[in-house]
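Reading through the structure tokens given below for one structure.
Since this is a predicted model, take the numbers as computed values, not measurements. Side chains are part of it too, since the values below use all heavy atoms of this structure and drop only hydrogens, waters and symmetry mates. Just so it is clear: chains get the letters A, B, ... in the order the sequence lines come, proteins before strands, and each one is counted from 1.
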2 protein chains.
Amino acid sequence: MFTRIDHVGIAVPDLDASIAWYESTFDLRMVSREFNEEQGIEEAMMLVFDGPTGGSHVQLLRPTRDDSPIGKFLANGGRGVHHVAYGVEDAAATLTEIGGKGIRVIDSSPRHGAMGSSIGFLHPKDTGGVLIEVVQAAARP
Amino acid sequence: MFTRIDHVGIAVPDLDASIAWYESTFDLRMVSREFNEEQGIEEAMMLVFDGPTGGSHVQLLRPTRDDSPIGKFLANGGRGVHHVAYGVEDAAATLTEIGGKGIRVIDSSPRHGAMGSSIGFLHPKDTGGVLIEVVQAAARP
């Protein structure tokens, strides 16, 4: 079902500072930086490893508004890791399969994610307190 | 510096139940289950992906005593993700390199981790609130 750990999503108050810190401390390279207004975030993807089934990244997430999920997470004292995302071949089919096992899915059909991906979240109340995302990467040219 | 996301460490109160849940929900396969008395944990490694630079896993962590780091994490209301671990070629050299950049390292020299690995943790106060581990896998036979 899972082809990789696609990313670990980390909530940060200052995106420029966090990008610079991951670059200088761990030599990670930024491969994408974009706004997602639907989610209320500006995000940067820092590449850890580019493997045969796709990349593994640290995803740095800065809220663009206080009432976004990441804005609330930081406002409520949340620090660091916000969610874990696993790569899949087919996000729609995976969400249907997992939903069929009685796990509540936040997204019953995929929505737009970073770098042209299709994503969906599972409900943390059904996953042991971990916010889990599935990611279908955009087709490579 | 990093060769992969080696694992995401997740604190769980009931290890058997969590192993069964990750197996049945996501078809992950357990590749290791062991006690680490020094860390006060029983842990299971669930394989997500086995790549050319090593495996990526979900690490399920159950405390074996209340005063262990994972025991305190759960007792203080911590849920889900406890730390993020990155694969490296040489844990000792990486800890020295990162420590030389002014990041406090909890382990100035590596200690014993799962599956014969050598591991070390960085101080979360210097890493944006994320407990980060570096992992040098045991040599493959």
Side-chain angles (χ1 to χ4, degrees), chain A residues 1-14 17-18 21-22 24-29 46-58 60 74 77-88 94 97-103 122 124-132 134, chain B residues 1-14 17-18 21-22 24-29 46-58 60 74 77-88 94 97-103 122 124-132 134:
Chain A
M1 178 180 284
F2 293 158
T3 58
R4 66 191 178 282
I5 299 177
D6 184 87
H7 64 264
V8 178
I10 296 175
V12 303
D14 183 330
S18 292
W21 189 83
Y22 271 89
S24 63
T25 307
F26 300 134
D27 301 330
L28 298 193
R29 180 168 58 88
M46 313 298 293
L47 185 67
V48 175
F49 169 73
D50 195 12
T53 63
S56 288
H57 316 80
V58 175
L60 302 173
L74 288 174
R79 295 294 306 279
V81 179
H82 177 261
H83 67 269
V84 180
Y86 299 101
V88 298
T94 302
E97 181 180 350
I98 292 172
K101 295 180 180 183
I103 313 296
L122 313 183
K125 288 201 174 165
D126 286 350
T127 62
V130 181
L131 181 58
I132 292 176
V134 299
Chain B
M1 179 181 281
F2 293 158
T3 58
R4 66 191 179 282
I5 298 177
D6 184 87
H7 63 265
V8 177
I10 296 174
V12 303
D14 183 332
S18 293
W21 189 83
Y22 271 89
S24 63
T25 307
F26 300 134
D27 302 329
L28 299 193
R29 179 168 59 87
M46 312 298 293
L47 186 68
V48 175
F49 169 72
D50 195 12
T53 63
S56 288
H57 315 82
V58 175
L60 302 173
L74 287 173
R79 295 293 308 278
V81 178
H82 177 261
H83 66 268
V84 180
Y86 299 100
V88 298
T94 302
E97 181 180 350
I98 292 172
K101 295 180 179 183
I103 312 297
L122 313 183
K125 289 201 173 165
D126 286 350
T127 62
V130 181
L131 181 58
I132 293 177
V134 300

Which portion of Leu122(B) sits near chain A, non-hydrogen atoms under 4.5 angstrom: side chain

OG-CZ distance between Ser56(B) and Phe49(A), expressed to the nearest 0.5 angstrom: 7.5 Å

Toward chain B, the part of Thr127(A) with a non-hydrogen atom under 4.5 Å: both

Under 4.5 Å from any heavy atom of chain B - which part of Leu28(A): side chain

Per-residue contact mode, Val88(A) against chain B (heavy atom under 4.5 angstrom): neither

Chain A interface, residue from Asp50(B), Thr53(B), Ile10(B) that has the most non-hydrogen pairs under 4.5 Å: Thr53(B)

Most contacts with chain B, counted as non-hydrogen pairs under 4.5 angstrom, among Lys101(A), His57(A), Glu97(A): Lys101(A)

Intermediate values then yes/no, side-chain contact (heavy atoms from CB on, under 4.5 Å), Ile103(A) and Trp21(B): CA-CA 11 Å; Ile103(A) 313 296; Trp21(B) 189 83; 3.6 Å; yes

Proximity breakdown for Leu47(A) and chain B, heavy-atom pairs closer than 4.5 Å: neither

Val58(A) vs Phe2(B) side-chain heavy atoms within contact, under 4.5 Å: no

Region of His83(B) that comes under 4.5 Å of a non-hydrogen atom in chain A: neither

Side chain / backbone / both / neither for Asp126(A) at chain B, heavy atoms under 4.5 Å: backbone

Heavy-atom pairs under 4.5 Å with chain B, option from Gly80(A), Gly87(A), Ala11(A), Pro13(A) with the top count: Gly80(A)

Residue part contacting chain B, namely of Thr25(A), when any heavy atom lies under 4.5 Å: both

Option that, when pairs with chain B are counted at under 4.5 Å, heavy atom only, ranks first among Val12(A), Val81(A), Ile132(A), Asp27(A): Val81(A)

Portion of Ile5(A) that has a non-hydrogen atom of chain B nearer than 4.5 angstrom: both

